[in-house]
Amino acid sequence: MLTEKFHKILESLDSLTPLQVETLRRALPESAITDDTPPYSHLMQAVVDHFDESPTCPHCKGNDVGHWGEQSGYPRYRCRSCDKTFNAFSGTSLSHLRIRHKVDDYIECMRGDTTLRTAASQCDISLPASFLMRHRLMAIISPDKAELLSGISELDETFFRESFKGQRNLDRPARKRGGRKPRKNGQAKNVIKKIPVMVACDRQNHVTDAVLEHISADELEAHLRCRIQPGSVLCADAFTSHETIAKRLGLELKELVTTAGIHVLEEIYHIQHVNAYHSDLKSWIYDFFKGIATKNLAKYLGWKRFLKTERFSKDSFIERISGHWVP
Ligand SMILES: [Zn+2]
């Protein structure tokens with residue numbers, strides 16, 4: 001059966017171009033093709049290629065790692081330190097993703113103007129799958145903070161109403177949309193917890209952000225240390241915590257007293273960019289998404305940051321994710 005001529009054909013398969021492989025597949029009778037090859041994803045392959053340059057064990061963080069065959073079309077590795085096996089996605093938000101062949105299509109729905117339902121329809125997946133995909137992709141991009149802020153930076157905090165959107169078991173009666181409950185005589189005030197969010201940006205479109213517990217110098221320092229170039233200028237409202245953080249990080253503080261109408265100093269120092277960012281962020285979350293659960297706030301902040309700082313395209317998304325891939 002395996003004649004010399006056939007052996008030569010087999011040996012030449014490795015050198016075929018993708019176009020030649022496709023031509024060969026088309027030339028075969030349909031009955032001869034059993035397509036059990038996992039569907040291809042540019043994003044997944046880019047992540048694998050990046051990981052393969054220097055594979056690290058997700059269990060013990062060791063680097064003494066060897067190849068250990070393949071699984072579902074992607075290389076598998078074995079750690080010589082802890083004996084565990086893994087692939088490029090183990091322990092990440094892309095692990096055990098059953099609809100991986102839809103990932104590339106779904107990236108097109110991550111431009112920030114597509115609802116879950118529309119994305120589900122465009123990618124021909126269910127609504128729960130659309131939710132899962134959006135959250136997995138957000139989970140990848142949200143920890144990817146900006147480059148170092150430099151030059152003139154602006155810092156300000158804003159607040160989001162605490163929300164349990166999507167949670168089935170509330171320990172209080174559900175509120176009506178809008179989040180405020182009208183008070184009647186004698187009725188206790190229904191206080192809605194406000195979640196503080198910090199945003200800092202510079203004039204080169206670099207943005208860093210964080211969901212805070214309280215607005216304190218310690219918390220701000222935890223999120224801003226190594227994020228702003230020491231010696232640069234920080235514009236912020238006049239608060240003790242801002243004065244403290246500027247001292248600790250070695251920044252020249254330009255204090256605005258917006259409550260007294262002082263919005264600009266020396267014609268260039270203001271916090272209008274960061275306030276515009278807040279406004280855009282709130283409109284996106286409250287008007288377009290009709291609110292989001294507080295537990296997902298950090299992920300949406302990261303997604304917005306990505307949209308703000310990158311010129312969005314499928315290629316830039318894939319390049320950014322794979323280039324910053326740190327499992
Ligand atoms: Zn290990």
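Note that ligands are numbered from 1 as they come in the structure, with each ligand's atoms numbered from 1 the same way. As a basis for the values below, the full set of heavy atoms in this structure was taken, side chains included, without hydrogen atoms, waters or symmetry mates.
- In this structure a side-chain-to-backbone donor-acceptor pair under 3.5 Å is present from N87 to S90.
- The hydrophobic clustering, which links ILVMFWY residues whose side-chain heavy atoms are closer than 4.5 Å, places F289 and M138 together.
- For R161 and Y286, the positive end sits near the middle of the six-membered ring, less than 6.0 Å away and at most 45° from its axis.
- Between H273 and Y277, the distance separating the two ring centers is not shorter than 6.0 angstrom.
- Side chain of E219 to backbone of H214: a donor-acceptor contact under 3.5 angstrom is found.
- In terms of modelled atom types and a separation under 3.5 Å, the side chain of D104 and the main chain of L43 share a donor-acceptor contact.
- Within the protein, the N, O or S atoms sitting under 2.8 Å from the Zn ion (ligand 1) are C57 SG, C60 SG, C79 SG, C82 SG.
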